[in-house]
**Q** 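This is the structure, below, for whatever I ask next.
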Amino acid sequence: MTTSLPIQPVDTEQAEVAAVEAARATKVPGWFVILWRNRKCRIGLVMLAVFVFVALLAPVLAPYAPRDNSFTASVGPNGSNWLGTTAQGEDVLSQLVYGARTSLLVGLAAGTLSTVIGLAVGLTAGYLRGLVDEVLSFFINLALVVPVLPLMITLAAYAPVKGLWLIIFVISITGWAYGARLKRSQIITLRTRDYITAAKFAGDSTARIIVREILPNMTSLVVVGFMGACLGAIGGEAGLAFLGLGDPTTTSWGTMLNQANTGGAMLTGQWAWLIAPGVAFAGLMTALTLINFGVDALSNPHLRED
Amino acid sequence: MRYFLRRAGFFLATLWAAITLNFLIPRLQPGDPAEAIVSRLGGQSQAIDPAQVESIRKMLGTPDGNLLTQYGDYLAAVARGDFGISYTYFPYSVTHMIGQGLPWTLILVGVTQVVSFVAGTLLGAWAAYRRNSRVDSVITLGSTFVGTLPFFWLALVLIYVFAITLNWFPTGGGYGGGSDPGWNWLFFSDAFQHSILPAVSLLIVGPIGWIIGMRNNMVQTLGEDYARLARAKGLPRRRVALTYGARIAVLPNVTGFAIALGGILGGTVLVESIFNYPGLGRMMLEAVSNRDYPLMQALFLFITVGVLIANLLADLLYGVLDPRVRREEAG
């Protein structure tokens with residue numbers, strides 16, 4: 001919502017018609033055309049595609065295995081190790097490439113899980129109102145104010161096994177509340193609309209009304225919420241891994257920074273080991289943030305660009 | 001009045017929920033939690049210290065009593081402020097250790113967050129005042145970009161550049177070896193010098209939320225009818241922006257401040273651990289890595305209750321600042 005163009009109803013209408021026509025000509029879904037026409041979003045989509053490509057083809061693209069420690073330890077960038085090696089003698093570039101997998105997996109899985117939780121809680125509270133709403137709203141507000149990272153640390157400290165799925169689980173159950181609150185207030189404004197009343201009089205069940213009448217009108221909010229949850233999850237995983245509370249067997253940008261910090265990257269002057277994970281992380285976050293601009297434009301025609 | 005009572009009621013309910021959550025988390029694992037923790041400690045190569053077992057037993061209550069009596073004992077202990085003995089800092093009590101770390105965190109977080117809030121709100125207001133100008137795009141795009149950087153990484157880069165390469169500041173710690181904590185000038189100047197890099201890493205990212213929130217709110221309030229009327233009757237542009245736009249737009253940021261505090265304290269944990277700063281956040285991580293469960297539990301509860309109190313204060317302040325909330329709740 002940070003960009004706002006002057007309101008020009010005629011132009012946006014034309015843009016929409018043009019978008020629909022373009023979609024018809026190329027057989028691409030209309031929403032994708034709207035996203036693609038937004039310049040910032042287009043850059044974000046291309047950047048994300050690069051990260052996905054790198055993550056999928058990690059075994060092909062990475063020069064070595066991420067845990068192969070057969071190199072000279074703690075050396076700077078050179079011909080065989082383009083970004084240098086870790087204190088254990090592993091290749092930094094290979095770890096960086098495999099780290100993209102972890103970040104995308106955590107973003108996708110934890111983003112989906114917390115969106116589903118937020119959707120279920122928000123929809124139930126907003127649609128049923130009354131006592132159910134009071135109770136669920138209390139839990140939403142409670143989850144909003146509890147400091148997330150200390151809670152994550154406490155949960156991770158008690159967990160008997162430290163796997164990647166545990167991290168995804170911890171991130172999801174601590175990060176659903178913000179989306180739930182937005183969805184609840186959206187559904188409260190939607191549920192009194194005429195077409196909902198009509199559907200009720202037509203004898204549709206509550207479940208059918210929610211799934212068929214209300215959900216389609218919340219698509220952009222759900223997508224924005226999902227993107228926000230992805231950003232939060234990727235950041236949360238990096239933070240936990242950096243603190244050494246992540247899965248020690250997974251290679252992620254957070255564990256790389258943790259090892260760079262404890263392995264003395266700063267004292268030996270290995271700037272590449274220190275800089276690379278941060279730049280990769282910032283690049284992925286930028287990609288998702290830019291795509292969010294375009295998703296905003298999906299729901300708000302005033303924000304559309306040609 | 002009804003508004004204030006409702007907020008106070010919410011505070012008490014969340015306080016109870018936080019205390020109960022703190023009671024339940026160690027009991028989520030299957031079996032006797034005390035046995036599980038002790039056996040995990042036994043799995044370590046080091047021998048188990050009886051004092052550690054004792055403090056865990058104390059934290060979790062009598063193992064043979066049922067959950068309800070454990071809960072009762074726990075509530076009584078919390079009411080007395082008795083969280084047992086810290087294992088890491090034996091023989092000091094957990095309460096004593098929290099008292100040690102609290103001033104460091106309170107000053108670091110307090111100062112940086114007030115500065116972030118004021119600076120961010122002003123920058124956001126400036127961007128909204130000069131909407132669609134170069135200033136606006138520099139501020140919004142700049143803060144969007146900085147917001148994508150992992151700020152614990154920024155802290156590492158700051159250490160690398162300013163502490164190790166340039167040697168302008170110490171790499172970490174709360175004070176140097178040459179001074180003792182106390183009310184003397186040497187200690188204060190030393191502590192100040194040690195706090196600059198941690199403070200800067202919090203200040204780089206701190207204002208971003210406020211900038212974006214304030215800008216978007218104020219763009220909206222400046223488009224409202226009352227702002228249009230103020231412009232139409234010929235009030236100076238600056239005055240319209242300040243008393244009609246900014247004054248109302250700042251309100252959501254006040255409640256935002258309290259909600260953001262939970263996230264800020266999470267960030268403080270990272271910063272304190274990177275700079276080895278003697279506050280509560282680093283103490284929590286130390287407790288986790290030493291498996292000092294009583295200290296960790298008490299810190300989690302303490303940090304959560306701190307955030308809840310800040311939320312209550314922000315809600316009360318909001319009620320004073322904005323008469324509409326009071327009326328809506330009453331109506």
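Letters A, B, ... are given to chains in the order of the sequence lines, protein chains preceding strands, and every chain is numbered from 1. Because only heavy atoms are used, hydrogens play no part in the values below, and waters and symmetry mates are left out as well, while side chains stay in. It should be emphasised that the depicted structure is a prediction, and the values quoted were computed from it without experimental measurement.
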**Q** Pick from A/I234, A/L288, A/I275, A/L144: which one has the most heavy-atom pairs with chain B under 4.5 Å?
**A** A/I275
**Q** Quick check on A/L245 against chain B: is it the side chain, the backbone, both or neither that has a heavy atom closer than 4.5 Å?
**A** side chain
**Q** Under a 4.5 Å heavy-atom cut-off, does chain B meet the side chain of A/W253, its backbone, both or neither?
**A** neither
**Q** Non-hydrogen atoms of chain A under 4.5 Å away: do they reach the side chain of B/L149, the backbone, both or neither?
**A** both
**Q** Would you kindly say whether B/T140 and B/R215 are connected by a side-chain donor-acceptor distance under 3.5 Å?
**A** no
**Q** Tell me, for B/A127 versus chain A, whether the close heavy atoms (under 4.5 Å) come from the side chain, the backbone, both or neither.
**A** neither
**Q** Sort by residue number and list every residue of residues 14-21 of chain B having at least one heavy atom under 4.5 Å from chain A.
**A** B/T14, B/A17, B/L21
**Q** Most heavy-atom pairs under 4.5 angstrom with chain A, which of B/L285, B/V157, B/V269, B/I274?
**A** B/L285
**Q** On a heavy-atom basis, which atom in B/F83 and which in B/L301 lie closest, and how many Å separate them?
**A** CE2-CD2, 3.8 Å
**Q** Of the backbone (N, CA, C, O) and the side chain (C-beta and beyond), which part of A/T286 lies under 4.5 Å from a heavy atom of chain B, both, or neither?
**A** both
**Q** Considering only heavy atoms, which portion of A/L151 lies under 4.5 Å from any heavy atom of chain B: side chain, backbone, both, or neither?
**A** both
**Q** For residues 168-180 of chain A, give me every residue with a non-hydrogen atom less than 4.5 Å from any non-hydrogen atom of chain B.
**A** none
